[in-house]
Amino acid sequence: MKHIELRDLNVSRIGLGAMGMSHGYTGAGADDAESVRTIHRALELGVTFIDTAEVYGPYVNEELVGRALKGRRDQVVLATKFGLISHTGRPGPTDSSPENVRAAVEGSLRRLGTEHIDLYYQHRVDAGTPIEDTVGCLAELVAEGKIGHIGLSEAGPDTIRRAHAVHPVTAVQSEYSLFTRDPEARVLPVLRELNIGFVPFSPLGRGFLTGTIRSTDQFDPTDFRADNPRFTDENFQYNLRLADQVAAVAVEIGVTPAQVALAWLLAQGDDIAPIPGTRRVARVEENTAADAVHLTDDQLARLTGLPPAAGDTHTESQMRIMER
Ligand SMILES: NC(=O)c1ccc[n+]([C@@H]2O[C@H](COP(=O)([O-])OP(=O)(O)OC[C@H]3O[C@@H](n4cnc5c(N)ncnc54)[C@H](OP(=O)(O)O)[C@@H]3O)[C@@H](O)[C@H]2O)c1
């Protein structure tokens, strides 16, 4: 497995997203034993970058990751996130006040069973707290050794610049895949200018690009995708055609669509480390093997030329707290 630098943080260039083990998708939380095996298998395959968040579950995903990493903590760069749960009683979808960050970090450290978090992301920009105050608090946590590096998620260019002026930002994590190209126009250029790494989340288009989702009947009501605009009605039918194009390239080279989707992302730069999510051993093996998949210039050009997916990435209320 090749490694890259997210600014000054060395990670395997394919990581593992743990969210779906406890949260977000049909059947989440159904088989913790297989999820733990999946994390262990990822480590065996050379994955060193594990992603979780306080809000996944909530809390139980960090506990699961903490259990899985017992005795193996030093093998991974451990990333988690704060800011979508308020411990201060403040109403609203976000709370990145210093008081809340302090409360959140103690909980995450306890659940993860660790003395330090390698990469601590603000999960969404908080309209109620100047980013300078949040990052000032994070810089104190770095100085205290509780966190190693600072990250932002779904932040816009201005926020990234303001945050970076207070303390170096190591990585920004936003949705990016053949299904969601939004970061290319405004965010990636700023990250490259400032030498900040990029971590694409949902790099498989929330499963869509793998070709295994053919009907919305596959989702139970707790599944994030059940009311996601990309997965509903005519958008779903349109987006199936994009997944088919990815599958066609996979057939040409004798690999899987998931591997093509990841290989395309890896080809976008050595500052990019996607974190595909799975709770199954067989799929972590498949996804990790994308490290060795080579796309020709012609295949890359065809994939890059695919039209954007139809439908917003999130529901209207979720969209309101993104890219600030
Ligand atoms: N910062 C943020 O706001 C944010 C938001 C969303 C996600 N994330 C992070 O990004 C990680 C990845 O994103 P994601 O899980 O939303 O989406 P994803 O990686 O694009 O796709 C995950 C989905 O695809 C399925 N899948 C995985 N590998 C597959 C394969 N080879 N073949 C067929 N299906 C496959 C998974 O099902 P199975 O589990 O059943 O295999 C799951 O339903 C998350 O785990 C989380 O850590 C961050």
Side-chain angles (χ1 to χ4, degrees), residues 14-32 34-35 37-39 41-42 47 49-57 61-62 64-65 78-84 93-94 119-125 151-155 171-180 183 198-214 218-220 223-226 228 230-231 243 246-247 250 255-263 265 273-290 293 309 313-314 318-319 321-323:
I14 299 177
L16 174 63
M19 179 186 80
M21 296 173 181
S22 319
H23 180 101
Y25 298 125
T26 297
D31 193 348
D32 282 358
E34 175 71 357
S35 293
R37 282 194 294 275
T38 302
I39 293 173
R41 186 70 184 124
V47 170
F49 191 27
I50 307 283
D51 190 84
T52 178
E54 173 190 59
V55 78
Y56 299 160
N61 192 243
E62 286 187 331
L64 175 77
V65 169
L78 185 51
T80 191
K81 317 182 194 78
F82 66 89
L84 287 179
T94 54
L119 177 56
Y120 200 38
Y121 295 99
Q122 181 192 51
H123 209 146
R124 287 289 181 277
V125 178
L152 303 172
S153 177
E154 291 288 6
V172 168
Q173 175 177 141
S174 296
E175 184 165 356
Y176 185 42
S177 69
L178 280 168
F179 214 44
T180 303
F198 186 58
V199 178
F201 76 70
S202 303
L204 303 171
R206 304 185 183 272
F208 212 113
L209 295 167
T210 68
T212 57
I213 298 172
R214 305 305 295 179
Q218 286 171 247
F219 308 141
D220 75 28
D223 194 308
F224 167 92
R225 297 165 295 193
N228 182 283
R230 292 250 154 127
F231 291 84
V246 177
V255 300
T256 69
Q259 290 171 333
V260 169
L262 292 171
L265 272 177
I275 46 167
T278 183
R279 54 199 158 154
R280 300 169 208 253
V281 168
R283 286 181 173 171
V284 85
E285 290 171 347
E286 176 185 336
N287 297 344
T288 307
V293 172
T313 54
H314 288 71
Q318 291 162 341
M319 288 299 276
I321 57 169
M322 294 175 67
E323 271 259 334

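Atoms within a ligand are numbered from 1 in the order they appear, just like the ligands themselves.
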Legend entry - salt bridge (charged side-chain N to carboxylate O under 4.0 Å, His left out) pairs, two or more places apart, involving residues 14-27: none

Legend entry - Salt-bridge criterion met for E34 and R37 (N-O under 4.0 Å): yes

Legend entry - Salt-bridge present (D31, R280; N to O < 4.0 Å): no

Inset, instruction - Establish, yes or no, whether the cationic atom of R206 lies under 6.0 Å from the six-membered ring centre of Y25 and within 45° of the ring axis. - result: no

Legend entry - Residues in the immediate environment of ligand 1 (any heavy atom closer than 4.0 angstrom): G17, A18, M19, Y25, D51, Y56, K81, H123, R124, S153, Q173, F201, S202, P203, L204, G205, R206, G207, T210, T212, R225, A258, I275, P276, G277, T278, R279, R280, R283, E286, N287

Legend entry - Parallel, tilted or perpendicular: rings of H123 and Y56 (30°, 60°):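 If you compare the ring of Y56 with that of H123, the planes turn out perpendicular.
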
Inset, instruction - Decide side-chain contact (heavy atoms from CB on, under 4.5 Å) for F49 and L16; before the verdict, give the C-alpha distance in whole Å, the side-chain angles of both, and the deciding distance to 0.1 Å. - result: CA-CA 6 Å; F49 191 27; L16 174 63; over 6 Å; no

